[in-house]
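Single-structure report; data block below.
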Amino acid sequence: MDENKMNELEAKGGEIVEKLKGMVKEGNVTRIRICKGETTILNLPMTVGVVGTVIGAAAAPWALILAAIATIGLDCRVEVEKKDGEIITVYGKDK
């Protein structure tokens, strides 16, 4: 992969993670999914323990999200499921 593409992935991935962090801090996110087409690549439940760890600045969940985005490239969809069941597409095309 060329350097321009890597820089684009890194910048876009960082932007997506910052959006997700903001939503998680609001406290109404129950799940984060990264999908490619109809296939779910990463399905990360935001349980009370995970949210506490994330807000406590642990990098593991965010590193996992960035790794998934880098692996499948920008041709993915990042979704957030809220407590009320609403699904918001943070990045990519809706289903």
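- The NZ atom of K19 sits 9.5 Å away from atom CE of M23, with the distance rounded to the nearest 0.5 Å.
- Closest non-hydrogen pair, K82 versus T30, comes out as O-OG1, 3.7 Å.
- Residues passing the side chain to side chain donor-acceptor pair (under 3.5 Å) test with N28, sequence neighbours excluded: none.
- Put simply, CG on L42 and SG on C35 are 9.0 Å apart, with the number rounded to the nearest 0.5 Å.
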Stepwise side-chain contact (heavy atoms from CB on, under 4.5 Å) check, I32 with V24: CA-CA 10 Å; I32 297 172; V24 168; 4.2 Å; yes

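- Expressed to the nearest 0.5 Å, how far CD of E81 lies from CD of E79 amounts to 9.0 Å.
- With hydrogens and angles disregarded, no donor-acceptor distance shorter than 3.5 Å links the side chain of R77 to the backbone of I34.
- Taken to the nearest 0.5 Å, the CG atom of L44 stands 8.5 Å off from the CZ atom of R31.
- G92 and T89 make their closest contact through O-CG2, 3.4 Å (heavy atoms, listed as atom of the first residue, atom of the second, distance).
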Where do R33 and I87 land on the side-chain contact (heavy atoms from CB on, under 4.5 Å) test, with the steps shown first? CA-CA 10 Å; R33 278 189 290 273; I87 296 177; 3.2 Å; yes

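- Residue I16 holds its CD1 atom at 5.5 Å from SG of C76, rounded to the nearest 0.5 Å.
- Of the residues I88, L20, I41, the one that meets the side chain to side chain contact (heavy atoms under 4.5 Å, CB included) test with V78 is L20.
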